[in-house]
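All heavy atoms count here, side chains included; hydrogens, waters and symmetry mates do not.
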Amino acid sequence: MEQPTEPPITHDDETHRDAASAARDDSGRGPRLREIPLRLMIPNVITVLAICAGLTGIRLAFEGRFELAVGMVLLAAFLDGIDGRIARLLKATSKFGVQMDSLADIINFGVAPALVLYAYVLDGARSLGWIAALIYAIAAGLRLARFNVMEDRQVKAPWQSEFFVGVPAPMGAALVLLPVYLGFLGVPLGGWVAYLASAYTVLMAYLLVSRLPIWSGKSETRIRRDLMLPVILGVVIYVALLMSFTWEVLSFTVIAYLAMLPFSARAWHRRYGTITIEDDHASP
């Protein structure tokens with residue numbers, strides 16, 4: 001009897017067999033890694049550097065090097081403030097970057113300032129000082145959570161380009177360190193001053209989670225052409241004074257910002273008839 005013969009193997013069959021074999025070989029390797037542009041990494045690197053600066057500030061504070069500690073916290077706040085802008089400038093925004101930025105915000109604007117302040121002055125109030133530091137750190141986390149929720153809205157209220165709801169977390173980190181600035185200027189911080197600093201810390205925590213309208217400065221404010229050069233000169237003078245008289249300028253800036261808050265509430269009251277931003281204002 002004639003034996004059946006196998007059909008000849010064609011070139012197409014070999015190609016199909018090689019592809020199937022390659023698929024079986026790659027099945028255990030997981031999904032193929034996708035290359036990403038280098039520009040997408042730049043904002044995330046800045047965010048990581050900000051976290052490193054904030055954590056280093058905590059270490060320096062517990063080592064007693066408070067001036068460097070405050071400098072690192074302020075540097076962390078600066079880096080954390082520009083990473084989002086750089087991401088938008090480079091068109092490198094991503095969900096991963098948003099999550100990293102939220103983590104960095106809690107560390108740099110909540111945990112780091114609270115611990116530096118506690119190590120410098122609040123520990124003199126013992127448990128009350130620690131409670132004040134905890135309240136501020138938690139308030140900063142709540143403030144950031146509320147900000148993220150409002151930013152995720154598809155339709156935003158018109159006033160969101162002009163006002164913050166409560167003091168923004170980066171500015172809160174600079175405000176709460178006022179007792180440290182004053183201590184560097186020679187103001188004695190012993191005894192009852194630690195309790196006063198604890199009360200001030202709780203007040204700053206309240207400003208973070210409050211619904212007070214705070215002018216943001218993000219609206220398109222126009223400057224007359226003849227005032228452009230004086231404004232630029234003023235900025236240069238401010239930066240020069242900040243580099244030469246750091247703690248004096250920071251103390252003045254904090255006091256001036258706190259003095260500006262009633263004027264923000266007054267401007268809001270003229271437009272909407274309330275002192276705080278209510279729920280009907282918050283919803284578009």
K.L.:
Does some side-chain heavy atom of V193 sit less than 4.5 Å from a side-chain heavy atom of P188?
P.N.:
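No; the side chains remain at least 4.5 Å from each other.
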K.L.:
What is the distance from atom CZ of R65 to atom CE of M72, rounded to the nearest 0.5 Å?
P.N.:
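So the gap between those two atoms works out to 10.5 Å.
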K.L.:
Would you say the side-chain atoms of T253 and Y238 include a donor-acceptor pair closer than 3.5 Å?
P.N.:
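Yes, Y238 and T253 have a side-chain donor paired with an acceptor closer than 3.5 Å.
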K.L.:
Looking at G54 and A76, what are the two nearest heavy atoms and their distance?
P.N.:
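Heavy-atom minimum between the residues: N-CB, 3.6 Å.
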K.L.:
Is there a path of hydrophobic side-chain contacts, each under 4.5 Å between heavy atoms of I/L/V/M/F/W/Y residues, joining I51 to V111?
P.N.:
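As far as the 4.5 Å side-chain criterion goes, I51 and V111 are connected within one cluster.
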K.L.:
Hey, could you give me each pair passing side-chain hydrogen bond (donor to acceptor under 3.5 Å, both in side chains) that has a residue in residues 185-207? Not counting sequence neighbours.
P.N.:
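Every candidate side-chain hydrogen bond (donor to acceptor under 3.5 Å, both in side chains) pair involving residues 185-207 fails, so no pair, neighbours aside, qualifies.
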K.L.:
Given L212 and F164, is the side chain to side chain contact (heavy atoms under 4.5 Å, CB included) satisfied, shown in steps?
P.N.:
CA-CA 8 Å; L212 294 174; F164 290 121; over 6 Å; no
K.L.:
Are L258 and I255 side-chain neighbours, meaning at least one heavy-atom pair lies under 4.5 Å?
P.N.:
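A side-chain contact under 4.5 Å is absent here.
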K.L.:
To the nearest 0.5 Å, what is the distance between OH (Y136) and CE (M204)?
P.N.:
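The distance works out to 9.0 Å.
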K.L.:
Near Y257 OH, under 6.0 Å, is it more than 12 heavy atoms from other residues, nucleotides or ligands?
P.N.:
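Above 12, so yes.
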K.L.:
What distance do L128 atom CG and L122 atom CG have between them, rounded to the nearest 0.5 Å?
P.N.:
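One finds 10.5 Å between CG of L128 and CG of L122.
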K.L.:
Side-chain contact, heavy-atom cut-off 4.5 Å: Y181 with T246?
P.N.:
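No, their side chains stay 4.5 Å or more apart.
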K.L.:
Please check if Y118 and I135 belong to a single hydrophobic cluster, counting links between Ile, Leu, Val, Met, Phe, Trp and Tyr side chain heavy atoms closer than 4.5 Å.
P.N.:
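Looking at the clustering, I135 is in a separate group from Y118.
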K.L.:
In Å, rounded to the nearest 0.5 Å, how long is the span from CD1 of I58 to CD of E63?
P.N.:
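I58 atom CD1 to E63 atom CD measures 12.5 Å (nearest 0.5 Å).
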K.L.:
Minimum heavy-atom separation for L177 to A173, with atom names?
P.N.:
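Nearest heavy atoms, L177 then A173: CG-O, 3.4 Å.
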K.L.:
Are L241 and L185 connected in the hydrophobic side-chain network, where two residues link if heavy atoms are under 4.5 Å apart?
P.N.:
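Same hydrophobic cluster.
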K.L.:
To the nearest 0.5 Å, what is the distance between CG on L60 and CD on E67?
P.N.:
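Reported to 0.5 Å precision, the distance equals 11.5 Å.
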K.L.:
Taking L250 as the starting point, is it possible to reach I237 by hopping between hydrophobic residues whose side chains are less than 4.5 Å apart?
P.N.:
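Hydrophobic grouping puts I237 with L250.
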K.L.:
Nearest 0.5 Å, please: how far is CD1 in I46 from CG in L79?
P.N.:
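L79 CG to I46 CD1: 7.0 Å, rounded to 0.5 Å.
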K.L.:
At their closest point, which heavy atom of S251 faces which heavy atom of L178, and how far apart are they?
P.N.:
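Where S251 meets L178 most closely, the heavy atoms are CA-CD1, 4.0 Å.
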K.L.:
Check V116 against G57 and note the closest heavy-atom contact, atom names and distance.
P.N.:
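In terms of heavy atoms, the two residues are closest at CG2-O, 3.8 Å.
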K.L.:
In terms of the angle between their ring planes, are F184 and Y120 parallel, tilted or perpendicular, with boundaries placed at 30° and 60°?
P.N.:
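It falls in the perpendicular class, over 60°.
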K.L.:
Taking the side chain as C-beta and beyond, is there a heavy-atom pair between P213 and V165 under 4.5 Å?
P.N.:
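The answer is no, as the side chains (C-beta and beyond) never meet within the 4.5 Å cut-off.
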K.L.:
Whether the side chain of T47 engages the backbone of M100 through a donor-acceptor N/O pair (distance < 3.5 Å, no angle test) should be reported.
P.N.:
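A pair under 3.5 Å: no.
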K.L.:
What is the minimum heavy-atom distance between R143 and L208, and which atoms define it?
P.N.:
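Smallest heavy-atom distance, with atoms named: CD-O, 2.8 Å.
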K.L.:
Return all side-chain donor-acceptor pairs below 3.5 angstrom for residues 101-110, not counting sequence neighbours, or 'none' if the list is empty.
P.N.:
unit_1 : atom_1 : unit_2 : atom_2 : d
S102   : OG     : V98    : O      : 3.1
S102   : OG     : N148   : ND2    : 3.3
N108   : ND2    : A50    : O      : 3.4
N108   : ND2    : D80    : OD2    : 3.3
N108   : ND2    : A104   : O      : 3.1

K.L.:
Would you say V202 ends up clustered with W130 if hydrophobic residues are merged whenever their side chains have heavy atoms under 4.5 Å apart, either directly or through other cluster members?
P.N.:
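No, because W130 and V202 fall into different hydrophobic clusters, even though each may have its own neighbours under 4.5 Å.
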K.L.:
Taking all non-hydrogen atoms of both residues into account, name the closest pair between V73 and P113 and its distance.
P.N.:
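The pair with the smallest heavy-atom distance is CG1-CG, 4.1 Å.
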K.L.:
Measure from the side-chain N and O atoms of R211 to the backbone N and O of G166, and report whether any donor-acceptor pair falls under 3.5 Å.
P.N.:
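Not at all, since once roles are kept as given, no pair shorter than 3.5 Å links the two residues.
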